[in-house]
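Below is one structure, written out as structure tokens; the observations come after it.
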Amino acid sequence: MATGLARYLLNRVFTLFLTVFIAATLIWIIPRLSPVNPIDAMLGRMASGGGTIENSGAIMEQLMERFGFNDPWYVQYWLYIKNTLTFDFGLSTNSFPTPVAQMIGDALPWTIGLMMVALIITFIIGNLLGALMVWEHTPRPWKAVIPAMMVFTSMPPILSGLLLMYIFSSTLPWFPLNGAYGIRVEPEWSLSFIGSVIHHGVLPAMSIVVVTFGFWALGMRGLMITVQGEDYTVLAKAKGLKKRYILYKYMIRNAILPQITAFALKIGMLVAGQVLVERIFAYPGMGKLLYDAILTQDYPVIQGVSFVIILMTALAVFLVDLLYPLIDPRIRLGG
């Protein structure tokens with residue numbers, strides 16, 4: 001048994017490192033396929049400020065040298081991999097000379113907070129509604145209302161965000177239009193600051209919840225249909241066990257396992273989906289940082305943010321893989 005567990009753990013650790021390495025390589029390659037030179041873009045922004053740039057050719061050459069763009073590709077790649085291992089993503093070309101790691105450190109807590117709140121709410125509501133759609137004892141009105149609620153799930157998060165802004169910020173001024181906290185509130189561990197953060201985070205979080213809970217509901221519905229026909233469920237009903245006990249102990253508990261894996265995968269996908277949501281709400285998270293970096297061809301920021309997102313997703317999948325044998329011992333034997 002110990003050998004099987006060790007092999008299981010080694011396989012997962014190897015998969016984690018391989019996934020991160022391949023993803024880091026792709027992150028380095030893809031921005032370089034763009035025809036736009038980031039230093040050109042940088043000088044263009046300086047010129048658009050209204051001033052003239054003397055010796056622009058010499059400045060460009062210095063910047064190319066400073067950011068290592070004159071080095072051969074294999075030297076750039078090696079330095080990138082080596083620095084990425086220590087989370088040294090270099091300096092931003094758009095916010096020069098701010099280190100990319102500092103920009104990510106400022107943005108990451110906002111995204112993690114917003115993402116986890118939205119994901120946990122969506123996961124709980126979606127799976128509960130999916131289970132109720134199949135449970136034979138669910139009242140008929142509920143079974144009619146739940147599918148109708150999913151009309152919003154085909155809507156892009158940016159549209160749900162605009163709709164919520166119109167209803168709850170413009171028409172009913174209940175929530176602020178943008179920002180992560182009030183302009184007159186100091187960022188510190190105080191009730192006023194925490195309350196302001198929650199107040200400002202409601203609409204961005206809800207714009208994600210509204211369009212994603214259907215994913216969990218439909219997935220859970222399909223799994224529950226399979227589980228309710230299994231022998232153990234039929235036997236539990238024949239034994240006369242309580243209805244709610246059968247729903248939780250025999251149906252939801254067995255159907256939830258694939259959903260837990262999807263939960264881990266959704267972490268990275270949700271960050272990607274938050275890009276436009278954070279942009280329209282001017283929320284200072286990773287999504288807005290990535291969006292601005294793409295617009296300005298800021299390679300170091302694009303690489304740093306993408307790497308952190310992929311690393312978070314890979315670590316989440318890795319942790320779920322470690323927890324799986326505790327939830328279902330059959331996986332441990334399967335290796």
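Proximity of a side-chain donor or acceptor of S306 to a complementary backbone N or O of Q303 within less than 3.5 Å is not detected. Distance alone, capped at 3.5 Å, places no donor-acceptor pair between the S92 side chain and the T98 backbone. Under a 3.5 Å cut-off, the side chain of T86 and the backbone N or O of N83 do form a donor-acceptor pair. Side-chain atoms of N94 do not come within 3.5 Å of backbone N or O of D298 as any donor-acceptor pair. Proximity of a side-chain donor or acceptor of Y80 to a complementary backbone N or O of A24 within less than 3.5 Å is detected. For T19 (side chain) and A314 (main-chain N/O), no donor-acceptor pair under 3.5 Å exists by modelled atom type.
At least one side-chain heavy atom of I112 sits less than 4.5 Å from a side-chain heavy atom of M312. With contacts defined as side-chain heavy-atom distances shorter than 4.5 Å, the pair D106/Q102 qualifies. Counting only heavy atoms from C-beta outward, the side chains of W135 and L132 approach each other to under 4.5 Å. For the pair V100/L91, no side-chain contact is recorded, criterion being any heavy-atom separation below 4.5 Å from C-beta on. Put simply, the side chain of F318 reaches to within 4.5 Å of the side chain of V13, judged on heavy atoms. When side chains are defined from C-beta on, L79 counts as touching V75, because their heavy atoms get closer than 4.5 Å. You'll find the side chain of I246 reaches within 4.5 Å of the side chain of T233, heavy atoms only.
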From CA spacing to verdict: side chain to side chain contact (heavy atoms under 4.5 Å, CB included), I104, V305:
CA-CA 7 Å; I104 292 175; V305 172; 4.1 Å; yes
I294 vs I302, side chain to side chain contact (heavy atoms under 4.5 Å, CB included): CA-CA, chis, key distance, verdict:
CA-CA 7 Å; I294 292 172; I302 294 173; 4.2 Å; yes
Please lay out, stage by stage, how M220 and V134 fare under the test side chain to side chain contact (heavy atoms under 4.5 Å, CB included).
CA-CA 9 Å; M220 191 63 175; V134 176; over 6 Å; no
Can L289 and E278 be said to form a side chain to side chain contact (heavy atoms under 4.5 Å, CB included), step by step?
CA-CA 9 Å; L289 187 62; E278 289 187 358; over 6 Å; no
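Aromatic ring pairs are classed by plane angle as parallel below 30°, tilted from 30° to 60° and perpendicular above 60°; the pair F87 and F89 is perpendicular.
No path of Ile, Leu, Val, Met, Phe, Trp and Tyr side chains, each step under 4.5 Å between heavy atoms, connects L85 with L16, placing them in separate hydrophobic clusters. Grouping the Ile, Leu, Val, Met, Phe, Trp and Tyr side chains by contacts below 4.5 angstrom, directly or via other members, places L162 with V211. Hydrophobic clustering (side-chain heavy atoms under 4.5 Å, transitive across Ile, Leu, Val, Met, Phe, Trp, Tyr) groups I81 together with W73. Cluster annotation: L10 is not connected to L315 through the hydrophobic network of ILVMFWY side chains, with a link wherever side-chain heavy atoms come within less than 4.5 Å.
Y248 meets the ring pair (Phe, Tyr, Trp, His ring centres under 6.0 Å) test with no other residue; sequence neighbours excluded.
For L191, the CG atom is loosely surrounded, since the number of other residues' heavy atoms within 6.0 Å does not exceed 12. K237 NZ: more than 12 foreign heavy atoms inside a 6.0 Å radius.
With 3.5 Å as the limit, one finds a donor-acceptor pair spanning the side chains of Y77 and T25.
Going from atom OG of S207 over to atom OH of Y283 covers 11.0 Å, rounded to the nearest 0.5 Å.
Taking the centre of each ring, F175 and H200 stay at or above the 6.0 Å mark. For W110 and Y181, the distance between ring centers is under 6.0 angstrom.
Ionic pairing of D292 and R279 is present here: one or more N-O contacts between side-chain nitrogen and carboxylate oxygen are shorter than 4.0 angstrom.
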